[in-house]
Amino acid sequence: MFSIDGVRLQKFLADLGFGSRRQMESWIDEGRVSINGKRAELGNRVHDGDVVRADGKRISKAKLSRSDTSRVLCYHKPVGEVCSRRDTEGRRSVFEALPSIKTGRWINVGRLDLNTSGLMLFTNQGELCHRLTHPSREVEREYAVRIRGEVKSSTLRALRSGVHLEDGPAYFKSISRRGGQGVNVWYHVILTEGRTREVRRLWESQAVQVSRLIRVRFGPIELPRAQRPGTWRELGLKEITALRKLVGMPMV
């Protein structure tokens with residue numbers, strides 16, 4: 001049951017797993033959502049008993065009672081998969097490998113570009129996704145990066161202190177060398193935001209070529225070494241509780 005004041009429409013839809021709050025705001029702007037037969041507008045609130053439709057399809061009464069049960073998947077994305085649900089070029093989507101879900105849909109917690117592999121998280125809760133990806137939370141993302149050739153100390157200092165990209169200043173919170181020699185040297189880098197291609201763009205700003213990029217950690221969740229590309233595992237209660245605690249959500 002909702003409170004007498006109801007809940008914001010975009011939050012209601014996001015909590016049901018239809019997408020992030022930002023995506024739901026776009027749906028509302030595009031006229032894809034209605035409440036009690038009338039086109040919805042940003043600022044509308046949903047109350048118990050309201051009939052909400054998305055793309056003309058009624059949201060069942062069962063979904064109107066929001067559940068606080070979190071489900072989270074850890075997926076090992078291979079190179080070559082896209083993070084959108086459909087691709088005009090026919091490329092495989094990360095969503096194709098995920099298990100079916102009875103209520104709502106899986107929401108990707110951030111994205112990885114086509115040529116980046118590694119850890120992706122998916123959840124059924126829009127609020128959890130929203131908090132994990134919001135810049136103010138500064139959730140750490142760790143990547144393994146293979147670089148062609150040696151990197152100067154001055155380059156590493158610049159990447160730690162900050163450089164200017166086209167969408168603003170950026171920097172690595174941490175950079176550590178992890179082995180390799182000759183033309184292939186591995187580093188691990190940590191940053192606390194998820195801008196498009198940010199890791200690659202930071203290195204490229206210093207004329208350094210990235211030959212391989214793998215996300216190995218998101219917040220407290222690490223990609224298991226034994227987990228093969230294209231496979232998923234569901235997080236247990238302890239791991240989900242750690243994620244919720246990190247972003248200030250009640251324990252489960």
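Closest approach of N115 and V79 over heavy atoms only: O-CG2, 3.8 Å.
Here the side chains of M120 and E81 are not in contact, with every heavy-atom distance at 4.5 Å or above. When side chains are defined from C-beta on, R201 counts as touching R195, because their heavy atoms get closer than 4.5 Å. At least one side-chain heavy atom of D113 sits under 4.5 Å from a side-chain heavy atom of R200. In this structure the side chain of R233 reaches within 4.5 angstrom of the side chain of E239, judged on heavy atoms. For the pair S34 and R39, the minimum side-chain heavy-atom distance is 4.5 Å or more. At least one side-chain heavy atom of C83 sits less than 4.5 Å from a side-chain heavy atom of K77.
In R146, the CZ atom is crowded: over 12 heavy atoms of neighbouring residues, nucleotides or ligands sit closer than 6.0 Å. Within 6.0 Å of the CZ atom in R8, the count of heavy atoms belonging to other residues, nucleotides or ligands does not exceed 12. The 12-atom threshold is exceeded at CZ of R91, counting heavy atoms of other residues, nucleotides or ligands nearer than 6.0 Å.
Using a 4.0 Å cut-off between charged side-chain N and carboxylate O, E138 and K173 make no salt bridge. By the 4.0 Å N-to-carboxylate-O rule, R131 lies close enough to E127 to be salt-bridged with it.
Side-chain atoms of N124 come within 3.5 Å of backbone atoms of R71 as a donor-acceptor pair (strictly under, hydrogens ignored). No donor-acceptor distance shorter than 3.5 angstrom exists from the side chain of T192 to the backbone of V139, with no hydrogens or angles considered.
The distance from atom CZ of R111 to atom CZ of R197, rounded to the nearest 0.5 Å, is 14.0 Å.
Residues Y187 and W203 place their aromatic rings such that the two centres sit under 6.0 Å apart.
Classified by interplanar angle (parallel below 30°, tilted 30° to 60°, perpendicular above 60°), the ring pair F122/F95 is perpendicular.
Defined by atom type and a distance below 3.5 Å, a donor-acceptor pair is missing between the side-chain atoms of D87 and S84.
With sequence neighbours left out, the side-chain contact (heavy atoms from CB on, under 4.5 Å) criterion links E41 to N44. Residues satisfying the side-chain contact (heavy atoms from CB on, under 4.5 Å) criterion with S176, sequence neighbours excluded, are R178, H188. A search for side-chain contact (heavy atoms from CB on, under 4.5 Å) contacts involving R148 returns N184, Q209, S211, not counting sequence neighbours.
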